[in-house]
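Since this is a predicted model, take the numbers as computed values, not measurements.
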Amino acid sequence: MSSSPAHAAVLPDGAASGDDEPDIALLKRFDVPGPRYTSYPTADRFVEAFGHADALGAYAVRRSVAAQAARPLSMYIHIPFCESLCYYCACNKIITRHHEKAAPYLDDLERELALVAAQLAPESAAESALGAPPAAAGLPKVSQLHLGGGSPTFLSDAELARLMQMLRARVQFTQAAELSIEVDPRTVDAQRLAHLRALGFNRLSFGVQDFDAAVQKAVHRQQSTEAVFALMQAARALGFESINVDLIYGLPLQSQATFAQTLQTLADLRPDRVALYAYAHLPERFKPQRRIDSFKLPSAGEKVAMQAQALRALRQAGYVEIGMDHFALPQDSLSIARQNGLLHRNFQGYSTQADTDLIGLGVSAISKIGAAYSQNVKDVQSYHYALAQGHLPVARGLALGRDDLMRQSIIMALMCQGVLSMDAVEQAWLVDFPGTFASELQTLAQYQEDGLVRLGQRQIEVTPKGWHFVRAIAMVFDRYLQADQRRAKFSRIL
């Protein structure tokens with residue numbers, strides 16, 4: 001591992017260089033809270049009036065539309081358990097060293113999976129939710145699986161095997177299915193990685209956050225760089241197809257100098273993908289963050305400088321900027337999808353999958369079935385109770401209207417392809433784009449002066465500089481956000 005920060009030159013006073021990099025005044029102007037648009041409308045718009053019966057209705061619509069019912073699904077499973085608390089974390093989690101808590105949770109996951117599988121079955125085969133699984137030929141197809149948390153590797157090898165066995169009894173993974181799992185490097189070794197590979201996982205995401213020992217200690221997530229490199233080497237040898245590393249900038253004790261070293265270490269590690277997140281310090285909402293000394297956080301200027309040096313370092317290391325927060329090597333499937341205009345965005349971030357229905361299992365998991373979103377209850381007790389009653393554990397959700405769906409298509413086009421065709425919107429939704437979105441175009445005209453977008457006669461294009469502010473550009477079309485300006489609950493967009 002090199003100690004030279006050759007790939008990440010430190011910028012004085014948060015300055016940025018290059019025609020496609022924003023200046024300080026622009027960064028300060030757009031340093032406001034805003035959604036990440038893993039969905040539209042965003043999850044804060046979900047309502048508690050949407051419950052079990054509404055979710056059943058969404059599944060019924062899916063079954064009735066043959067083309068929709070035949071499309072492979074994406075699936076997310078939330079494992080909420082962690083052995084130790086990371087102070088920066090805003091995820092829904094349970095901190096415990098009592099691994100025996102996992103078994104009853106898996107029991108409940110199995111019940112939920114059976115209920116969902118029954119709703120996915122063709123009308124003629126929708127029998128008792130807890131009955132015997134259908135024959136393999138009748139199983140719903142899944143092209144993408146992601147295990148998140150929490151720490152999915154909190155589960156033992158036997159429990160992970162049980163979970164995959166449960167899934168394979170109820171769904172059929174397609175031949176090219178992407179099976180990914182979030183991995184806490186402190187909870188696995190080469191032998192455990194081999195077990196994951198044997199279970200069928202072909203993608204990994206390592207939560208590293210920072211390689212600097214002092215920063216790790218400040219956020220209570222200590223792991224050696226040598227251990228991460230050993231895991232990467234083992235994962236490569238085992239044939240994992242794509243390996244992601246998460247980094248966070250803006251953490252306590254981080255500086256441009258220390259982050260330059262982290263970026264150089266990342267370049268040496270050379271994962272296939274990098275997720276680069278800005279730390280959002282919201283201690284009034286997330287109790288673990290109250291353990292972070294706010295005086296040790298980098299200043300806004302330092303944070304901007306770290307973002308700029310990370311962008312430059314990743315480009316110099318050969319990574320392609322996929323979109324907000326995400327980077328990949330040119331040969332990775334995300335880069336190829338980006339190049340071919342086939343990117344999609346869902347609750348796990350950027351995806352190579354088309355706009356498939358998403359099944360979320362476990363506490364707080366979110367599902368998208370057709371034109372409806374639903375989110376599960378957030379605590380294991382309520383989750384268990386709902387399933388014991390034979391109900392889908394839905395706490396809230398939303399049925400999307402025509403305007404929601406139209407704006408969703410616009411926001412996702414901007415977030416994923418960076419290009420929006422007015423003709424395509426008019427043909428799909430039978431609207432006059434300039435008339436319907438007159439105020440939005442007026443705002444974008446100012447963004448064009450800032451160099452963030454190009455407004456053609458019938459097209460809106462995000463510029464290379466504009467990718468840094470793509471959340472702000474998408475926010476222009478968010479009817480809910482523009483109506484009430486309730487932004488304090490969101491992280492800052494930079």
Side-chain angles (χ1 to χ4, degrees), residues 1-5 7-8 79 81-89 91 93 95-97 99 146-157 159-160 180-199 201-249 251-254 257-277 279 288 310 313-314 317 319 327 329:
M1 283 165 276
S2 171
S3 60
S4 170
H7 292 298
I79 307 297
F81 306 106
C82 293
E83 279 196 359
S84 63
L85 178 67
C86 301
Y87 296 161
Y88 58 81
C89 185
C91 299
K93 63 209 172 281
I95 307 300
T96 181
R97 291 185 179 275
H99 283 257
H146 185 77
L147 266 61
S151 297
T153 46
F154 178 94
L155 300 181
S156 69
D157 286 352
E159 288 166 339
L160 285 166
S180 65
I181 182 170
E182 295 174 9
V183 173
D184 180 344
R186 301 169 298 176
T187 64
V188 298
D189 53 20
Q191 186 175 357
R192 289 212 79 193
L193 291 182
H195 181 66
L196 293 175
R197 191 72 186 95
L199 291 176
F201 289 99
N202 50 29
R203 284 161 169 77
L204 298 174
S205 181
F206 288 119
V208 173
Q209 322 313 350
D210 196 296
F211 288 103
D212 185 87
V215 174
Q216 290 180 0
K217 185 175 181 181
V219 297
H220 201 237
R221 189 185 178 94
Q222 294 170 271
Q223 59 209 357
S224 75
T225 299
E226 291 74 18
V228 175
F229 270 74
L231 289 173
M232 178 65 80
Q233 184 178 13
R236 294 281 189 223
L238 289 164
F240 282 94
E241 296 174 24
S242 186
I243 303 169
N244 176 80
V245 166
D246 289 346
L247 288 184
I248 301 176
Y249 65 94
L251 294 174
L253 299 183
Q254 275 182 338
T258 66
F259 204 54
Q261 296 287 349
T262 282
L263 291 167
Q264 176 60 54
T265 303
L266 180 77
D268 293 339
L269 186 64
R270 203 161 179 78
D272 301 283
R273 301 177 183 179
V274 177
L276 177 70
Y277 298 116
Y279 171 60
L314 288 165
Y319 287 89
F327 302 80
L329 292 174

Exercise. Which pair of non-hydrogen atoms, one from Asp246 and one from Ala275, has the smallest distance, and what is that distance?
Worked result: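 Answer, listing the atom of Asp246 first, then Ala275: OD1-CB, 3.2 Å.
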For this session: List the atom of Pro271, the atom of Leu266, and the distance in Å for their closest heavy-atom pair.
Result: CD-O, 3.6 Å
Exercise. For the atom pair CZ (Phe154) and OG1 (Thr187), what is the distance rounded to the nearest 0.5 Å?
Worked result: 10.5 Å
Problem set entry | Euclidean distance, Gln233 CD relative to Leu193 CG, rounded to 0.5 Å |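 With rounding to 0.5 Å, CG (Leu193) is 12.0 Å from CD (Gln233).
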Seminar exercise, completed: Phe327 meets the ring-ring contact (aromatic ring centres under 6.0 Å, His included) criterion, sequence neighbours left out, with none
Exercise. Between Arg186 and Ser84, does a side chain to side chain contact (heavy atoms under 4.5 Å, CB included) hold up when you go through it step by step?
Worked result: CA-CA 10 Å; Arg186 301 169 298 176; Ser84 63; 3.4 Å; yes
Problem set entry | Working for side chain to side chain contact (heavy atoms under 4.5 Å, CB included), residues Arg192 and Thr153 | CA-CA 9 Å; Arg192 289 212 79 193; Thr153 46; 4.0 Å; yes
For this session: Output, in order, the C-alpha distance, side-chain angles, deciding distance and verdict of side chain to side chain contact (heavy atoms under 4.5 Å, CB included) for Arg270 and Tyr319.
Result: CA-CA 9 Å; Arg270 203 161 179 78; Tyr319 287 89; 3.9 Å; yes
Exercise. After noting the C-alpha distance and the side-chain angles of Leu147 and Leu155, does the key distance pass the side chain to side chain contact (heavy atoms under 4.5 Å, CB included) rule?
Worked result: CA-CA 11 Å; Leu147 266 61; Leu155 300 181; 5.5 Å; no
Side chain proximity check, [X] to [Y], heavy atoms < 4.5 angstrom:
X      : Y      : result
Leu231 : Val188 : yes
Arg273 : Ser242 : yes
Pro288 : Lys93  : yes

For this session: Examine distances only and state if a side-chain atom of Ser156 and a backbone atom of Glu159 form a donor-acceptor pair shorter than 3.5 Å.
Result: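 Yes, because the side chain of Ser156 sits within donor-acceptor range (under 3.5 Å) of the backbone of Glu159.
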Exercise. So, does Arg221 use its side chain to make a donor-acceptor pair with the main chain of Gly207 at under 3.5 Å?
Worked result: yes
Problem set entry | Ion pair Arg203/Asp272, N-O distance below 4.0 Å |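 Result for this pair is no, no salt bridge flagged.
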Throw together a table of side-chain donor-acceptor distances under 3.5 angstrom for residues 211-220, partners on residues two or more places apart or in other chains.
unit_1, atom_1, unit_2, atom_2, d
Asp212, OD2, Ala214, N, 3.1
Asp212, OD2, Val215, N, 3.1
Gln216, OE1, Gln223, N, 3.0
Gln216, NE2, Asp210, O, 2.8
Gln216, NE2, Gln223, O, 3.2
His220, ND1, Leu85, O, 2.7

